[in-house]
Asker: 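Once you've had a glance at the structure underneath, I'll fire off some questions.
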Amino acid sequence: MIRTYRVVDGGRVDGESLLVFARVAGKCKLVELAVYADGVISSGTSPLPWSFDDFVDAVRSGELITELPDEVSVDCYGTGSWTMTEVRLHRGEAELLAEVADILDRLNGRPTITHRWFDAMRAYGRQPSEERLAELRTADDAIPDNWGWLVDSAATDAAWKILHGVGQPWFGIPLTQEQIDEATATLVEYAREFDAAAYEPKATGVAGASTIELRDLNFAHPEPIPDYPNALRNEYPAPLTVEGRTYASLHHAFYALSTLDEAGRDAIAAEKLGYRVPYIAEDYPERDGWDGIRVAVMTELLRGKFRRYPELAEMLVSTEDARLVYQSRDEFWGERAGGSPHWMGRLLEMVRSELVAARGGIVLDVR
């Protein structure tokens, strides 16, 4: 999705757009669907803008297409056409309707599918009960099938284990009562830490500085629109070209560089969903001495990313002197209770300092 806006009576109305297939004059065309905060939806297929109800009718009537037959000819913005075979669209009817409704919620500051999922996890953690389990299941059912796992975190793992239940397969192995008990304890602790953070000031170690938390998101949704400051995360889809290969994100590039196996690097480069990348990397031999160079590799990738994307550099600089807390399941890179190296937070702060110094014309001649 792409941020957009339109001007109404001299005022700006924010929106987001996504690409969909539409039936126009009997032909299948790729069009831009624009969704605005005031509820107006435009696809360019109708002379008049739609309301949300009009949009629902367009989807259910087939004016907006969520299934394509084989050997269908598709026009792309009048620049050309092609014939498609073995077509599989990521958004079915239910997914497209849910996604647009979620965009409207996000644009209007209402809880989104993601918010409701996290709220349900925390509610279960505060009071593990059948009632809270039903709420958790409802929040899970609301996640569109094409989004995959909403986030890759210990709390999410725990929630899905609880939803599966004892005896149900988890990656091919039946879950035990002990695993469910451990998962419940994880959500209890997750809720406790969240509530403590909400009501207790965090010590930053820096006088006058605030703390900014980069939540443990892995952008499992294929087309995320991250809010500040989570666009600073490694998984944010800012493509980088490293040693001749283009990767979907810094996250992809880092794990690709952990191996010298060309097939492994190709597999990582081809993967769209960030949460799968570490698991793919595990299938290939790790390069010799990786533990000794991984911090240097991450540092150079961060520098390259913020050089390549000045808007992200501006976002990083705008955090000023805040302590950056980078959540991660990997205790080496992220912050965990009980202490951890927390290298990602420190490296982001270092790169931020370098950007500020460069802007201030500070160049040291060290020999």
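What you are looking at is a predicted structure, and each value in this text was computed from that prediction instead of being measured.
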Asker: Taking all non-hydrogen atoms of both residues into account, name the closest pair between Glu271 and His252 and its distance.
Answerer: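 Smallest interatomic distance, heavy atoms only, reads O-NE2, 2.9 Å.
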Asker: Evaluate whether atom CD of Glu67 has more than 12 neighbouring non-hydrogen atoms of other residues, nucleotides or ligands under 6.0 angstrom away.
Answerer: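 No - once you tally the heavy atoms of other residues, nucleotides and ligands closer than 6.0 Å, there are 12 at most.
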Asker: Please list every donor-acceptor pair under 3.5 Å in which a side-chain atom of residues 311-318 meets a protein atom from a residue at least two apart or in another chain.
Answerer:
{"from": "Glu314", "atom 1": "OE1", "to": "Arg359", "atom 2": "NH1", "distance (Å)": "3.1"}
{"from": "Glu314", "atom 1": "OE1", "to": "Arg359", "atom 2": "NH2", "distance (Å)": "3.1"}
{"from": "Ser318", "atom 1": "OG", "to": "Met315", "atom 2": "O", "distance (Å)": "2.6"}

Asker: Any donor-acceptor pair under 3.5 Å linking the side-chain atoms of Trp50 with those of Asp57?
Answerer: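 On atom types as modelled, these side chains do not qualify, holding no pair under 3.5 Å.
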Asker: Given 3.5 Å as the limit, does a donor-acceptor pair link the side chain of Gln168 with the main chain of Gly165, or not?
Answerer: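 Checking the backbone N and O of Gly165 against the side chain of Gln168, no donor-acceptor pair under 3.5 Å is found.
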Asker: Tell me whether Glu178 at atom CD has more than 12 heavy atoms from other residues, nucleotides or ligands lying less than 6.0 Å away.
Answerer: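 Result for CD/Glu178: open.
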Asker: Leu348 and Leu232: which non-hydrogen atoms are nearest, and at how many Å?
Answerer: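 Looking at all heavy atoms of both residues, the shortest contact is CD2-O, 4.4 Å.
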Asker: Looking only at atom types and distance, does a side-chain atom of Tyr309 sit under 3.5 Å from a main-chain N or O of Pro239, one as donor and one as acceptor?
Answerer: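 A pair under 3.5 Å: yes.
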Asker: What heavy-atom pair brings Glu95 and Pro144 nearest, and what distance separates the two atoms?
Answerer: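 The pair with the smallest heavy-atom distance is CG-CB, 3.9 Å.
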Asker: Indicate the atoms forming the closest heavy-atom contact of Pro278 with Gly274, along with that distance.
Answerer: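 Between these two residues, the closest heavy atoms are CD-O, 3.5 Å.
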Asker: Stepwise, does the ring pair (Phe, Tyr, Trp, His ring centres under 6.0 Å) test hold for Trp290 with Phe254?
Answerer: CA-CA 11 Å; Trp290 176 243; Phe254 176 78; 5.1 Å; yes
Asker: I'd like to know if the side chain of Asp14 and the backbone of Tyr5 have a donor-acceptor N/O pair within less than 3.5 Å.
Answerer: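 Checking the backbone N and O of Tyr5 against the side chain of Asp14, no donor-acceptor pair under 3.5 Å is found.
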Asker: If you apply the rule salt bridge (Lys or Arg N to Asp or Glu O under 4.0 Å), what do you find for Asp157 with Lys161, and how did you get there?
Answerer: CA-CA 6 Å; Asp157 279 357; Lys161 286 178 182 176; 5.9 Å; no
Asker: Could you go step by step and tell me if Asp119 and Arg122 meet the salt bridge (Lys or Arg N to Asp or Glu O under 4.0 Å) rule?
Answerer: CA-CA 5 Å; Asp119 286 345; Arg122 288 190 287 268; 2.8 Å; yes
Asker: Examine Trp117 and Val188 and state if one hydrophobic cluster contains both, with Ile, Leu, Val, Met, Phe, Trp and Tyr joined whenever side-chain heavy atoms are less than 4.5 Å apart.
Answerer: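 Each belongs to a different hydrophobic cluster.
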Asker: Do Thr66 and Glu93 have side-chain atoms, one donor and one acceptor, less than 3.5 Å apart?
Answerer: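 No, no side-chain donor-acceptor pair sits under 3.5 Å.
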Asker: Spell out, as yes or no, whether a donor-acceptor pair under 3.5 Å connects the side chain of Arg352 to the backbone of Glu320.
Answerer: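 Looks like yes, one N/O pair under 3.5 Å.
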Asker: Could you check if a side-chain atom of Leu257 sits within less than 4.5 angstrom of a side-chain atom of Arg294, using non-hydrogen atoms only?
Answerer: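 When only atoms from C-beta onward are counted, Arg294 and Leu257 do not touch, as no gap falls below 4.5 Å.
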Asker: What I want to check is whether the side chains of Asp181 and Thr184 have a donor and an acceptor closer together than 3.5 Å.
Answerer: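 Side-chain D/A pair, Asp181 to Thr184: absent.
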Asker: Is Val166 linked to Tyr124 within one hydrophobic cluster, defined over Ile, Leu, Val, Met, Phe, Trp and Tyr using a side-chain heavy-atom separation of less than 4.5 Å?
Answerer: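 Yes; tracing contacts between hydrophobic side chains, which count when under 4.5 Å, links both residues.
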Asker: How about CG on Asp141, more than 12 heavy atoms from neighbouring residues, nucleotides or ligands closer than 6.0 Å, or not?
Answerer: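 More than 12 within 6.0 Å, yes.
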Asker: Please confirm whether the backbone N or O of Ala134 pairs with a side-chain atom of Thr138, one donor and one acceptor, at under 3.5 Å?
Answerer: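 It does hold such a pair.
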Asker: Please check: side-chain N/O of Asn108 versus main-chain N/O of Leu104, any donor-acceptor pairing under 3.5 Å?
Answerer: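 At least one qualifying donor-acceptor pair exists.
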Asker: Main chain of Pro285, side chain of Thr259: is a donor-acceptor contact present, judged purely on distance under 3.5 Å?
Answerer: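 It does hold such a pair.
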